[in-house]
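Below is one structure, written out as structure tokens; the observations come after it.
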Amino acid sequence: MKKKIEELILQAVEKLKTDGALEQEINPPITIERTRDPLHGNFAANIALVLAKPAKSNPRQLAEKIIASLPQHDMVTKVELAGPGFINFFIDTKSQFEIIRQIHDSGSKFGLSQVGAGKKVQVEFVSANPTGPLHVGHGRGAAYGSVVADLLNAVGFDVHREYYVNDAGRQMDILATSIWLRYLEECDEVLPFPSNGYRGNYVREIAWDIHKNANNEYRRPVELVLENIPLDEPQGGDKELHIDALIARAKTLLGTSLYQDFFQIGLNKILDDIKADLHEFGVDYQQWFSERQLMDDGSVEKALERLRAGGHLYEQDGATWFASSQLGDEKDRVVVRENGQYTYFASDIAYHMNKLDRGFDQMIDIWGADHHGYIPRVRAAMQALGANPAKLNVLLVQFATLYRGEEKVQMSTRSGEFVTLRQLRNEVGKDAARFFYVMRRSEQHIDFDLKLATSKTNENPVFYVQYAYARVCSVFRQLDEKGWERNLLLGMENLELLVEEHEASLVSALVRYPELLERAALQYEPHQLIHYLRELAHEFHTYYNAHQFLVEDAALRDARLNLIGAAKQVLANGLGLLGISTPESM
RNA sequence: GCGCUUGUAGCUCAACCGGAUAGAGCACCAGCCUUCUAAGCUGGGGGUCGCAGGUUCGAGUCCUGCCAAGCGCGCCA
């Protein structure tokens with residue numbers, strides 16, 4: 001519809017040009033907008049305002065000329081000059097009501113489009129370290145990432161969802177060692193637990209499990225474990241040195257193979273838990289990508305070679321540096337440490353090279369906002385690898401601050417005092433949790449008040465939207481009970497009976513859905529869909545209160561049923577994209 | 001100190017990437033259930049869009065400078 005109007009205006013401008021009323025070389029960008037106020041019609045064009053200066057004319061006069069040159073079209077009932085020079089278009093209600101037929105015909109496919117057709121896009125999100133269960137902070141990334149992916153999919157992109165598993169590095173060693181120390185406790189050894197270890201209950205559970213299966217196979221005397229280990233922080237030492245020494249001790253006392261058991265069992269247990277957790281949250285991936293694999297198959301070495309070949313690496317202080325500051329980063333970064341170990345950044349370069357090699361047209365990384373300082377160096381790496389850095393799009397998700405009423409809830413994986421995503425789901429349910437997470441722009445901080453979200457009779461807006469859906473279902477149930485039958489065809493033939501204002505505004509909400517979806521997808525802004533659904537629900541509730549649907553007149557009744565049937569379909573499509581259920585009764 | 005993000009109604013947030021009189025929800029006040037679910041609807045009050053300049057037909061939106069909050073600035077991940 002928008003495009004039709006664009007064409008009309010273009011024709012008018014061409015006509016003015018041939019008439020000599022406009023200079024030939026003037027080629028304005030035509031932007032058509034939906035109006036906010038129905039008094040301004042359905043669409044507004046600002047072309048006269050934009051054109052006024054180059055045409056050396058005043059906007060209102062110019063607009064009049066354009067209006068006079070507009071070709072007739074039966075879709076447009078009225079064209080008006082308004083305000084400083086807007087041209088307002090009023091669309092025939094009959095053409096608007098065509099949407100009801102379209103929605104019915106397309107069903108669950110209504111609103112989908114093909115703007116992204118032929119383009120491969122990769123969305124990487126959550127990617128939390130597998131050192132513990134997901135907490136509520138990860139939940140936001142999970143909900144946001146999965147909806148962004150689903151939206152892109154809905155507008156035609158070939159979407160690949162991926163979780164980058166940080167199964168290498170020091171954090172994993174700390175986990176493995178934490179499990180082993182807890183295991184020793186299971187063997188009735190008495191020893192202090194490192195302040196920098198993972199203290200969560202899940203660590204004890206894993207240790208308990210291992211002890212059950214292996215008995216004392218991994219048991220080593222405490223004296224050997226603690227011998228010559230530097231003091232922990234509470235004892236006036238350094239917690240980092242303390243834990244690193246414990247890790248080294250675990251490796252020597254157990255030997256590589258037995259130590260790996262703890263590493264691997266811990267990783268598997270936690271990763272399985274994360275997978276199940278996300279799946280229950282409605283989040284699924286095409287691929288779980290292992291960091292360790294990059295290390296093992298030489299990808300990291302290959303990536304560094306490529307950088308070296310491009311002259312981007314140099315040695316200093318015994319370490320290997322990436323000269324990222326020449327590519328927009330604020331300083332150079334170490335990729336190989338003095339001790340010969342790769343940094344996390346090195347494997348991340350390899351990971352992004354891998355993404356490039358897989359031929360994605362667009363790569364979307366969704367990170368917690370605290371990682372924003374990391375963006376320039378990854379961009380620099382992309383560039384150094386010879387790729388267009390614009391292919392990488394990093395979307396930041398701000399932290400959710402948790403409150404229990406007035407009180408702020410502290411979170412730390414180490415200390416084990418955190419609210420897990422699973423706990424949150426159990427308390428508020430998947431629907432409310434997803435809705436809440438995605439309701440706001442991702443860059444906004446959100447205060448997640450557990451008290452408020454867990455109170456069942458709250459003002460949670462998810463119910464408002466679901467209730468609209470349930471009400472439509474209820475109307476159809478009532479229809480049955482009254483012994484009436486819906487005649488779809490009769491209703492479609494009588495759409496012109498829908499003359500009420502409420503009906504017109506409900507229809508114009510429905511008409512907007514496809515373009516809304518496209519915008520929300522291309523801008524990575526799921527919250528727009530939420531806002532739209534709330535508006536749509538509002539239009540429906542208003543209509544519901546103002547008019548009776550189940551009237552005696554069958555033609556009018558069926559026309560109205562077709563209208564609310566269309567509303568039901570769009571609500572279902574929108575909620576479906578958000579991964580939120582559509583209860584038939586509430 | 002430098003960088004990123006944020007600042008809009010009492011509170012929580014929108015505003016279609018420059019458009020017309022800045023909108024919702026919650027809270028507050030006043031109404032609507034013998035009729036399809038009142039988890040709903042209708043009406044009302046409430047704003048110097050952090051501050052000051054600038055760009056132009058037109059600025060909450062773009063530019064500059066300040067102010068405030070959060071985060072980041074490791075041979076951690």
Side-chain angles (χ1 to χ4, degrees), chain A residues 31 33-37 39-40 44 46 48-50 52-53 58-60 82-86 88 128-129 131 166 168-172 174 240 291 316-321 330-331 333-345 347-348 368-376 396 398-399 401 439-441 443-447 449 452 456-464 466-468 470-479 481-482 512 515-516 519-520 522-523 525 527-528 530-532 534-535 537-538 540-551 560-561 564 585-586:
Chain A
T31 57
E33 269 197 341
R34 283 195 177 275
T35 55
R36 235 180 269 164
D37 188 339
L39 286 174
H40 299 142
N46 64 351
L49 293 160
V50 179
K53 197 160 196 185
N58 96 43
R60 285 187 68 98
F86 288 102
N88 292 337
N129 284 347
T131 51
N166 297 125
R170 182 162 169 265
Q171 296 305 321
M172 288 304 299
I174 295 178
E240 306 290 347
E291 178 189 7
Q316 190 183 306
D317 303 331
T320 306
W321 297 70
E330 55 182 22
K331 56 177 94 158
R333 310 290 174 178
V334 170
V335 286
V336 185
R337 289 193 279 260
E338 202 177 351
N339 64 11
Q341 298 248 308
Y342 295 125
T343 59
Y344 170 83
F345 181 44
S347 46
D348 220 15
D370 53 334
H371 287 70
H372 62 77
Y374 200 74
I375 298 173
L396 298 176
Q398 287 286 355
F399 269 130
T401 316
M439 194 165 66
R440 283 145 202 193
R441 245 172 52 232
E443 312 92 81
Q444 280 283 358
H445 288 98
I446 56 175
D447 293 337
D449 186 343
L452 190 125
K456 200 67 183 170
T457 55
N458 63 6
E459 55 279 337
N460 194 332
V462 67
F463 293 128
Y464 183 79
Q466 288 179 320
Y467 185 43
R471 264 184 158 175
V472 179
C473 295
S474 170
V475 172
F476 282 109
R477 281 195 297 270
Q478 288 288 320
L479 178 75
E481 281 166 29
K482 295 200 176 189
R512 277 169 42 217
E515 44 194 89
L516 176 280
R519 200 170 60 230
L522 296 178
Q523 298 181 356
E525 291 187 344
H527 77 272
Q528 291 192 25
I530 298 245
H531 282 272
Y532 169 80
R534 292 173 76 167
E535 264 176 61
H538 173 72
F540 171 77
H541 286 309
T542 304
Y543 180 34
Y544 180 98
N545 273 274
H547 299 284
Q548 190 81 18
F549 308 142
L550 301 177
V551 291
R560 287 184 170 169
L561 288 176
I564 64 168
S585 70
M586 293 173 72

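Reckoned from all heavy atoms, side chains included, excluding hydrogens, waters and symmetry mates. Naming: A, B, ... by sequence-line order, numbering from 1 per chain.
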Minimum-distance nucleotide to A:E443 side chain [options: B:A14, B:C36, B:U5] |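 Of B:A14, B:C36, B:U5, B:U5 is nearest to the side chain of A:E443.
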[X] [atom1] to [N] [atom2], straight-line distance once rounded to whole Å:
{"X": "A:N545", "N": "B:G31", "atom1": "CG", "atom2": "P", "value": "18 Å"}
{"X": "A:Y464", "N": "B:G40", "atom1": "OH", "atom2": "C1'", "value": "8 Å"}
{"X": "A:R471", "N": "B:C36", "atom1": "CZ", "atom2": "P", "value": "10 Å"}
{"X": "A:Q466", "N": "B:G40", "atom1": "CD", "atom2": "P", "value": "13 Å"}
{"X": "A:F463", "N": "B:C26", "atom1": "CZ", "atom2": "C1'", "value": "16 Å"}
{"X": "A:R534", "N": "B:G40", "atom1": "CZ", "atom2": "P", "value": "11 Å"}
{"X": "A:L479", "N": "B:U35", "atom1": "CG", "atom2": "P", "value": "19 Å"}
{"X": "A:H541", "N": "B:A24", "atom1": "NE2", "atom2": "C1'", "value": "14 Å"}

Taking the same atom, [atom1], in [N] and in [M], what whole-Å distance lies between them?
{"N": "B:U34", "M": "B:A24", "atom1": "P", "result": "29 Å"}
{"N": "B:C49", "M": "B:A9", "atom1": "C1'", "result": "10 Å"}
{"N": "B:C76", "M": "B:A14", "atom1": "P", "result": "38 Å"}
{"N": "B:A27", "M": "B:C11", "atom1": "C1'", "result": "8 Å"}
{"N": "B:C16", "M": "B:U61", "atom1": "C1'", "result": "12 Å"}
{"N": "B:G1", "M": "B:G65", "atom1": "P", "result": "15 Å"}
{"N": "B:G58", "M": "B:U21", "atom1": "P", "result": "14 Å"}
{"N": "B:A59", "M": "B:G45", "atom1": "P", "result": "26 Å"}

Decide yes or no for [X] and [Y]: does some side-chain heavy atom of the first lie under 4.5 Å from some side-chain heavy atom of the second?
{"X": "A:N166", "Y": "A:Y344", "answer": "yes"}
{"X": "A:T343", "Y": "A:R333", "answer": "no"}
{"X": "A:F86", "Y": "A:N46", "answer": "yes"}
{"X": "A:V475", "Y": "A:L561", "answer": "yes"}

What is the nucleic acid contact for [X], judged by heavy atoms within less than 4.0 Å: base, sugar-phosphate only, or nothing?
{"X": "A:S474", "value": "base"}
{"X": "A:Y544", "value": "base"}
{"X": "A:S585", "value": "base"}
{"X": "A:K53", "value": "sugar-phosphate"}
{"X": "A:A470", "value": "base"}

Excluding sequence neighbours, so at least two apart, what forms salt bridge (Lys or Arg N to Asp or Glu O under 4.0 Å) with A:E33?
->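 For A:E33 there are no salt bridge (Lys or Arg N to Asp or Glu O under 4.0 Å) partners, ignoring immediate neighbours.
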Using side-chain contact (heavy atoms from CB on, under 4.5 Å) as the criterion, list what pairs up with A:D317, not counting sequence neighbours.
->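 A:D317: no side-chain contact (heavy atoms from CB on, under 4.5 Å) contacts found.
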List for me each residue that meets side-chain contact (heavy atoms from CB on, under 4.5 Å) alongside A:A44, sequence neighbours excluded, and say none if there are none.
->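 Counting only residues at least two positions away or on another chain, A:A44 forms a side-chain contact (heavy atoms from CB on, under 4.5 Å) with A:T35, A:N88.
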Distance-minimising heavy-atom pair for [X] and [Y]:
{"X": "A:A48", "Y": "A:G85", "result": "CB-O, 3.5 Å"}
{"X": "A:M439", "Y": "A:P461", "result": "SD-CG, 3.6 Å"}
{"X": "A:Q398", "Y": "A:Q444", "result": "CB-O, 3.5 Å"}

Regarding A:R512 and the six-membered ring of A:Y532, is the cationic atom NZ or CZ under 6.0 Å from the ring centre and inside 45° of its axis?
->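 Checked: cation-pi criterion not met.
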Side-chain donor-acceptor pair present, A:E291, A:S347, cut-off under 3.5 Å =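 Yes, side-chain donor-acceptor contact under 3.5 Å.
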Per-nucleotide protein contact string for nucleotides 15-21 of chain B, where B marks a base within reach and S marks sugar-phosphate only (heavy atoms under 4.0 Å, - for neither) | SBS-BB-
Could you encode protein contacts along nucleotides 71-77 of chain B as a string, one character per nucleotide from 5' to 3', using B for base contact, S for sugar-phosphate-only contact and - for no contact, with a heavy-atom cut-off of under 4.0 Å?
-> BSSSBSB
Geometric class of the A:F540/A:Y544 ring pair [parallel <30°, tilted 30-60°, perpendicular >60°] =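 The rings of A:Y544 and A:F540 sit tilted, inter-plane angle from 30° to 60°.
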RNA chain B: stems of at least 3 consecutive Watson-Crick or G-U pairs whose donor-acceptor distances fall under 3.5 Å |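 RNA chain B stems, ordered by first number: B:1-7 with B:67-73, B:10-13 with B:23-26, B:28-32 with B:40-44, B:50-54 with B:62-66.
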With syn defined as a glycosidic angle within 90° of 0 and anti as everything else, classify B:C33.
->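 B:C33: syn glycosidic orientation.
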